[in-house]
2 protein chains.
Amino acid sequence: MPETTPDRRTELLAAAIRLFSDRGYEATSVREIADALAIQAGSLYAHIETKEDLLWQILTESADRFFAAIQPIVDSKLLTLERIRLAIAAHVKVITDSTAAAAVYLREWRHLSEPRKSEFAGRRDAYERIFRDLIRDAIHEGTFGDFDEKFATLMVLSSVNWIYQWYRPDGPMTPDEIARRITDLLFHGLKRAGS
Amino acid sequence: MPETTPDRRTELLAAAIRLFSDRGYEATSVREIADALAIQAGSLYAHIETKEDLLWQILTESADRFFAAIQPIVDSKLLTLERIRLAIAAHVKVITDSTAAAAVYLREWRHLSEPRKSEFAGRRDAYERIFRDLIRDAIHEGTFGDFDEKFATLMVLSSVNWIYQWYRPDGPMTPDEIARRITDLLFHGLKRAGS
DNA sequence: CCTACCGATCGGTAGG
DNA sequence: CCTACCGATCGGTAGG
């Protein structure tokens, strides 16, 4: 992004996030993105090198946000269960802060070309690994039951990642409330206690 | 689809499912679909009217499969909890029978134009409603705890719908095994019993 | 099902 | 950041 002011860069990324999440990366033309900024299509290339660069920047910044949100929690000295609880809440917060960015992060990475696609997959796997290690610890400690740790991790992440599909900022639940309910359900299950 | 033999139609849908799930609807060209059938791009239009028709047929047939799988279970006289268990297993089975079709069903419907998009959304909502009604019954009966029924439904469906992302037919778990573990986790939670 | 083709739009560039 | 433009590819059609 040669010679672009920070503000302009933010605007550009915000426009691309909104369009990529609404219509998908492939269905979004560079002309639509340019329109959103009220500039000509050709002028876009004063700010970016290719359309894919734009996707790449969105994805890497999203990945950064997820890592930054959970890292201090994971590194803390809290009990495993508490770290899981807080990591889920932090993850939920990143999604609810921008469901559009989360949608692009979770859905549009397939349109990266190599080697970026593999690099992205590596970072995503590393992130999942952090959750998996927490869950493994909880199982080994006996806090969690004797579940397959990979399977349990997939369940946790699928529950939290689905949020971008239905969360609305003007809905009845705050991000913390959502995290609390998800955690409660994941920890204790749907069945009435004692049944 | 004028004058197309059943076999040819099946081939065509199968090719489109594979390509739409791999690259996405927008990123798939009619020429790629034609190539997969070893015919010319123009010849495709002896079988379809538009590219979107192809997507529409895939989506409606997928929806039909989901409904057909759970309807007899929901209509049965079994206990609510057992109906939920079996409905989850049936849903999982539809996904594992073709993760590619499930991927198109869950991801590509946004590329429909109106009024088809709204019609699709209506059917999908009706399907979710069936699960929600089952869960509501379980809550009212006291079999499940006093959860928000909408939220509980979202949790259940997000867990089962995420499967298409990671299930591999040559993996260690059978579809029934997956359903059993998901149900167990959803019903009883991750925490060790009694903790 | 093929050949030959259509107008529209795509991502991107040169020169200012 | 604009004007003017590029070759490539898009979904789709006519006529056989």
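In what follows, chains are A, B, ... by sequence order, proteins preceding strands, each numbered from 1. Because the structure is a prediction, the values reported are computed rather than measured.
Among the nucleotides dG12(C), dC1(C), dG12(D), the one closest to the side chain of Y45(B) is dG12(D). Among the nucleotides dC1(D), dT3(D), dC1(C), the one closest to any side-chain atom of A46(B) is dC1(C). The listed nucleotides are dC1(C), dG11(D), dC1(D); the one nearest the side chain of I39(B) is dC1(C). When the nucleotides dC10(C), dG12(D), dC2(C) are ranked by their closest atom to the side chain of Q40(B), dC2(C) comes out on top.
The distance between atom CG of L37(A) and atom C1' of dC2(D), rounded to the nearest whole Å, is 15 Å. Nucleotide dG12(C) holds its P atom 8 Å from the NZ atom of K51(A), rounded to whole Å.
Between E114(B) and K117(B) there is no salt bridge, since no side-chain N of the basic residue sits under 4.0 Å from a carboxylate O of the acidic one.
Using a distance-only test at 3.5 Å, with no hydrogens or angles considered, a donor-acceptor pair links the side chain of Y25(A) to the main chain of E52(A).
Of the residues near DNA chain D, S43(A) and R31(A), the one whose nearest nucleotide (by heavy atom distance) lies more toward the 5' end is S43(A). Both A41(A) and G42(B) lie near DNA chain C, and the one whose nearest nucleotide falls closer to the 5' end is G42(B).
Using cut-offs of 30° and 60° for the angle between ring planes, the F144(B) and F187(B) rings count as perpendicular.
Nucleotide dC6(D) forms a pair with dG11(C), judged by Watson-Crick or G-U wobble geometry with both contacts under 3.5 Å.
Atom CZ of R132(A) sits in a crowded spot, with more than 12 heavy atoms from other residues, nucleotides or ligands closer than 6.0 Å.
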